[in-house]
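This report refers to the structure that appears directly beneath it.
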Amino acid sequence: MMKAAAAAAVAAVAGPARAAPPFFKLYLMIPNNQPARMIWGTLAAQQMSRIGIDVVSSFVPFTVISPRRSRGDGKPHPEGGWDAYLERYYYNAITPTPNTLFHSRLMPPSGQNFYYVNDPQIDAALDQMASTIDPAQRMDAYRAFERRWYETEPMTTLFYPEDVIAVNPKLKGFDFTTFNPVFYPNPEKWTIEGAGNDATAAFASWAPPASLIPMYTTGYNESNIFGPVYNRLYEYESWQDKRLVPALATGHTMSADGKHWVITLREGVKWHSGEEFTAEDVKFTWDTFLNRAYGTPIQAATEQVLGGPGAYRITGKHEITVDLPAYNMLFLDWLIGAQAIIPKHAYQDIRPEALRGHTASNWLGRHTVRISGGRSYTALGGIGTGPWIAQGYDPQRRAYKYVRNENYWKPHTGNVKTFYIVNIQGTDSVLSALRAGEIDAHDPMYDIGPVASTIDPSWGKVQTFDSFKWQHICYNLRHPVFGTGVDTPLGRRDPSRAAEAAAYIRKAISHAMPREQIVKEIAGGYGREGTVPMPYSAPEYDHDLLRPIAYDLDLSRQYMQRAGYEY
């Protein structure tokens, strides 16, 4: 089915290709964890070659892409960095927070602007977006961000996918997709019909994780695993009602200027070790985020919000007071609404440089922590306050195991008591596992849309969700051709127009992408054509401005000529 879809998509855009010299070489990394993405990645490379770009493409796992993009030196691919890659992305909160990804202050390794977006107009829009309390002014900032992005296209947004997931027909209570890091499998809400009061369930996730400490992660393959173990201060009520509600916090007060906050914390909550959750844990979590020694990619964004550790203080066993240097929307929507709280008593004695490789992060083996009363607790993975207790990794089943936290602060509503996250690679393999009864649901990364019609209702119930995500081609915006433009003919001739030349090249690539065919022929019709990194169904998406980007190879070549290239 996938090969047929690829052939149909390529046929839809095929035609007599113009001979053109290769103007420059572009190395395109295509993640190998989605069959459909591998197909449209191949198609994207073919289309770039048709406008005179010499594309060298490779299929690699994200374990290859991540170190290259996270180095923080901006070097191109031949020098150990990167040129371009394909990515399915999202913000770390349901409220769109482009200020966590695209501000020039957030360059790696301490920030997540892996792409080196550095545009004063985008920065100004992001600053206004973050700093205004007034909803109308914030919406104006979103519009300014979208308008500037649409003009210059720092990245090529291909389409907005719809998540298609097949589940066990006997599974009830599966009512949302995954969304790193705030939506992940919630088996405490699942009921397996006919399984009594002691059901076992399994969820498939494609790639193995790099780290299971929440502050180090950027992928579903990781949040799917650590999510059920930890909690945040606020969480989303449901996928349908994307509204933040108290979790480890019970509420907060905020001053009129948005700078002074008092957060009350839930009493009686226990870590899996039996230790009590207190304000000390919140302070420790934020201290850890801010401490550069831990090397978390959210350090810069946390510092942007809080300024430094002097912004917060413990004012009661279950109360923390915060005085922000300036109001910032990210405090609620990102820091306390999306970032998990980690246990001080369990992780404070682990050296910062050792935390990534610790058992608390890889869940391989056991580790013992000291708890009050001179006692100790042996953990088989991360220690959280969440509904599921980690039981480590089972190499024979290639799965992470959990047991129900019977002391969870919120009631379980389903009948599942043992749960597994199974690493299964491949769309065919995951559907075979579902048909055999080995799993009950799976992550949307399998992209089963093109083959959804082949699933028999007797063994698979197909569910669809608005993904709130986008697929795009990412560019290293420090690349001398399509990033800074200094090595383009126009940029060499007139350095003051180098950035303009780079934008012309990105525009040329964008108009060479047959978005409609990608959605129809490769994604099985599950999605919409892409424009900017903003969820298509979000209130912040400007439908009046953001018209579909035309597929037009002649226009693409005109943009290449504006950058100084001649056919």
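Numbers here simply count residues along the sequence, with the first being 1. What you see below is based on every heavy atom in this structure, not just the backbone, and it leaves out hydrogens, waters and symmetry mates.
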### Task
Could you check if a side-chain atom of Y115 sits within less than 4.5 angstrom of a side-chain atom of P154, using non-hydrogen atoms only?
no
### Query
Between T385 and N231, is any side-chain donor less than 3.5 angstrom from a side-chain acceptor?
yes
### Message
Could you check whether any side-chain N or O of K242 sits under 3.5 Å from a backbone N or O of W239, counting only pairs where one atom can act as donor and the other as acceptor?
### Response
yes
### Query
Going by distance alone, is a donor N or O of one side chain under 3.5 Å from an acceptor N or O of the other, for D542 and Y142?
no
#### Entry: N407 versus H272, side-chain donor and acceptor atoms under 3.5 Å
no
### Query
With a 4.5 Å limit on heavy-atom distance, are the side chains of Q339 and P214 in contact?
no
### Message
Quiz question: by atom type and distance under 3.5 Å, do the side chains of N415 and D198 form a donor-acceptor pair?
### Response
no
### Query
Do other residues, nucleotides or ligands put more than 12 heavy atoms under 6.0 Å from N197 CG?
no
### Summary
Distance col, row I424:CD1 vs L431:CG, nearest 0.5 angstrom, shows 9.5 Å
### Message
So L355 and Y294, do their side chains get closer than 4.5 Å, heavy atoms only?
### Response
yes
### Message
Which residue in the set W40, Y536, W470 passes ring pair (Phe, Tyr, Trp, His ring centres under 6.0 Å) when paired with F159?
### Response
W40
### Message
Whether the S205 and N224 side chains hold a donor-acceptor pair (N or O, under 3.5 Å, no angle test) is what I'd like checked.
### Response
yes
#### Entry: Exercise: do R243 and Y236 side chains pair donor with acceptor under 3.5 Å
no
### Task
Using a strict cut-off of less than 4.0 Å between a Lys/Arg side-chain nitrogen and an Asp/Glu carboxylate oxygen, indicate whether E516 and R528 qualify as a salt bridge.
no
### Query
Do E406 and Y408 have side-chain atoms, one donor and one acceptor, less than 3.5 Å apart?
no
### Query
Going by distance alone, is a donor N or O of one side chain under 3.5 Å from an acceptor N or O of the other, for N99 and T97?
no
### T156 side chain to S510 side chain, donor-acceptor N/O pair below 3.5 angstrom
no
#### Entry: Pairing of D323 and K259 as salt bridge, 4.0 angstrom limit
no
### Message
What I want to find out is whether D123 reaches R105 closely enough, with some N-O distance under 4.0 Å, to be called a salt bridge.
### Response
no
### Query
Mind checking whether N405 and W388 have side chains closer than 4.5 Å, heavy atoms only?
no
Output side-chain donor-acceptor pairs under 3.5 Å for residues 275-285, partner residues at least two apart or in another chain, one line each.
residue, atom, partner, partner atom, Å
E275, OE1, S372, N, 3.1
E275, OE1, S372, OG, 3.2
E275, OE2, S372, N, 3.3
E276, OE1, K317, NZ, 2.9
E276, OE2, H318, NE2, 3.3
T278, OG1, E280, N, 3.1
E280, OE1, K344, NZ, 3.0
D281, OD1, K344, N, 3.0
D281, OD2, W271, NE1, 3.1
D281, OD2, T278, N, 3.0
K283, NZ, D287, OD2, 2.9
T285, OG1, D281, O, 2.8
T285, OG1, I342, N, 3.0
T285, OG1, I342, O, 3.3

### Query
In terms of side-chain heavy atoms, does T132 have a donor or acceptor partner in Q128 at a distance below 3.5 Å?
no
### Task
With rounding to the nearest 0.5 Å, note down the distance linking NZ in K189 to OG1 in T191.
12.0 Å
### Query
Could you state the interatomic distance from CD1 (I341) to CD1 (I336), rounded to the nearest 0.5 Å?
9.0 Å
### Task
Answer yes when R232 and E235 have at least one side-chain N-carboxylate O distance shorter than 4.0 Å, and no when they do not.
no
### Query
How many angstroms lie between NZ in K170 and CD in E193, if you round to the nearest 0.5 Å?
8.5 Å
### Message
Counting neighbours of NZ on K172 that are heavy atoms of other residues, nucleotides or ligands and sit closer than 6.0 Å, is the number greater than 12?
### Response
yes
### Task
Look up atom OG in S467 and atom OH in Y90, then write down how far apart they are to the nearest 0.5 Å.
11.5 Å
### Task
For T264 and T250, test the side chains for any donor-to-acceptor distance below 3.5 angstrom and give the result as yes or no.
yes
### Query
Is D163 paired with K469 through a side-chain N to carboxylate O contact shorter than 4.0 Å?
yes
### Query
Ring centres of Y184 and Y230 under 6.0 Å apart?
no
### Message
Would you compute the distance between atom CG of L434 and atom NZ of K461 and round it to the nearest 0.5 angstrom?
### Response
12.5 Å
### Query
Using a distance-only test with no angle check, is there a side-chain donor-acceptor pair under 3.5 angstrom linking T531 and Y541?
yes
